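So the structure is just underneath, and the comments pick up after that.
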Amino acid sequence: MTESMVQQYHNGQLQHLLQIEGLPQQVLIAIMDEADRLIQSGQHRSKQLSALRDKTVINLFCESSTRTRISFELAARRLGAEVITLDSHISAIQKGESLLDTIFTLQAMHCDFFVIRHPENNAVEKITQHVNPGVAVINAGDGSHAHPTQALLDVLTIRQHKPNFSRLSIAIVGDIIHSRVANSLITALQILQVNDIRLLGPKSLLPSSTTSLQCESNLTVGLEDVDVIVSLRVQKERIKAADLLDINTYEQEYSLTETKLACAKPDAIVMHPGPINREVEITSAVADGPQSVIQQQVSNGIAVRMAVMRLLKLGFGQSLNQ
Ligand code: NCD
C-alpha cells in the first residue's frame, strides 16, 4: 500500500477521497449504486435531503474550474449543507499565506469537509495530514495525478449504458499523460475488471513504452469495435514547450469525427469530461450527436458527489438508510 492509500483510511473506514487507487471494488459499486438511487428518486435535482444539514463544506479551488466547482457546490447544497466556495483569488493566498495556514484558519471556524483542487500533484493528500479528526478531504483534481469523482461519474455513466464491465472495450483518446481524468479512470476501469482498455493518441501524449497498457497512435485502428470512447482535451497548460503539438496535425489525425466514430461499434457511446475544445479533439457533430453522453456525465456528476459526501459522512459499510 502506498502512503496515499493509507491516508484515505482511518480505523478501517474510508475517511478521505484522494484517489481511486487502493479503493476496493465494492466501494466503487456502493458509490455508483447510491448515485443511481439518488437519480432514480430525483433527489439529485433539488434540495430535498438533509443528510448534511448540520455540516459545513468548504470548496477550496486553487486552480480554475467551472463544472467541477459548481457540481460540488450543488451536491453539498442538495444534501442540506452549508457551503462556502473559495477560489484561487482568495485574498489570504494572494497576501502570501500558505495553503496550510488558510486550512488552519478555515478549520478554526469549523468545517466538516474540504473539497480541494490544486495544480500540484499530491498537494491534496498532504493537507489530509493536518486536518482535524473527523474532517473529510475530497480531491477535486490535483495536477496530473488524480480526479477521483470524475472517474466515478465516468464509470457510473458507462454502467448506465453498458453494465457488464468485463466485456467492454474502452478507448481513451488524446492527451493521456497530462490527464488526471485518464489516470483515475484507468484505475477505476481496472478495479471494475475491464480487460480491454486502449490508450490512443500521438506518441508524445501517451505513457512511456514501459506501460503494460495498450497504446496505439493510429486512431482508426485503435477505435475498431470499441463500446466506449472517452475523448480528452489537449491540456496546453501542462504541455512543455518542447512537446508542443502542431494543433492542425493533431486535429487531422486525432479529432473524433463522425468518420472515425464509425470504426467503433454502432452503439458505442462518446464521453468527454469537459471543457471541450470543439473541432480540436472532437467535432461538434460528434459532441452533440446521438452517441454523445456528455451532458449525462455532467448531470451524473452531482449525484456522484452527493453519494461520496453522504457515504464519507456515514462511514462506508454502515447503513445507508438515513
Ligand atoms: C478536467 C479537469 O479539470 O481535470 N475537467 C473536469 O474536471 N471536468 C479535464 C480538463 O481540464 O481537461
Side-chain angles (χ1 to χ4, degrees), residues 17-21 31 35 59-76 85 87-88 115-125 138-158 171-189 199-202 204-207 228-240 243 245 247 250-251 254-256 270-282 286-287 292-306 308-309:
L17 181 65
L18 302 176
Q19 56 182 28
I20 297 292
E21 201 187 353
I31 295 169
N59 293 322
L60 193 53
F61 277 69
C62 305
E63 189 189 277
S64 58
S65 163
T66 308
R67 80 202 67 217
T68 305
R69 181 172 54 82
I70 293 173
S71 183
F72 268 110
E73 211 171 297
L74 288 177
T85 298
D87 65 23
S88 48
V115 176
I116 304 174
R117 169 167 287 198
H118 200 279
E120 283 165 33
N121 291 2
N122 305 310
V124 182
E125 179 195 326
I138 302 176
N139 182 359
D142 62 330
S144 55
H145 169 233
H147 195 347
T149 56
Q150 179 69 44
L152 289 164
L153 76 87
D154 288 342
V155 290
L156 173 67
T157 310
I158 295 173
I172 306 178
V173 187
D175 183 1
I176 315 275
I177 45 163
H178 300 104
S179 174
R180 54 194 174 208
V181 173
N183 255 344
S184 289
L185 177 59
I186 292 166
T187 310
L189 294 174
L199 309 183
L200 314 180
S204 61
L205 298 181
L206 291 176
V228 177
I229 304 172
V230 181
S231 170
L232 296 174
R233 183 176 69 88
V234 176
Q235 310 223 342
K236 291 189 202 127
E237 72 277 19
R238 294 191 214 282
I239 298 180
K240 288 188 232 95
D243 311 327
L245 283 177
I247 286 293
Y250 186 87
E251 278 171 35
Y254 297 102
S255 184
L256 188 60
V270 175
M271 302 170 61
H272 192 304
I276 295 177
N277 284 320
R278 285 175 185 266
E279 317 309 329
V280 178
E281 68 266 9
I282 189 167
V286 175
S292 168
V293 295
I294 296 172
Q295 297 310 322
Q296 188 179 346
Q297 285 175 273
V298 178
S299 172
N300 282 340
I302 297 197
V304 157
R305 290 173 177 122
M306 286 173 80
V308 166
M309 286 193 258

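For the numbers below, each heavy atom of this structure counts, side chains included, while hydrogens, waters and symmetry mates do not. When a ligand or atom number is given, it counts from 1 through the structure's own listing order. Small disclaimer: the values here were computed from a predicted structure and weren't measured.
When side chains are defined from C-beta on, Leu18 does not count as touching Pro148, because their heavy atoms never get closer than 4.5 Å. Using a 4.5 Å heavy-atom cutoff, the side chains of Ile138 and Val308 are in contact.
In terms of modelled atom types and a separation under 3.5 Å, the side chain of Asn183 and the main chain of Ala146 share no donor-acceptor contact.
The side-chain hydrogen bond (donor to acceptor under 3.5 Å, both in side chains) search around Gln295 returns none, not counting sequence neighbours. For Asn59, the side-chain hydrogen bond (donor to acceptor under 3.5 Å, both in side chains) partners at least two apart in sequence or on another chain are Thr85. Evaluation of the ring-ring contact (aromatic ring centres under 6.0 Å, His included) rule for Phe72 yields no partner, not counting sequence neighbours.
For ligand 1, the protein residues within 4.0 angstrom (heavy atoms only) are Arg67, Thr68, Arg117, His147, Gln150, Arg180, Val181, Arg233, Gln235, Pro273, Gly274, Pro275.
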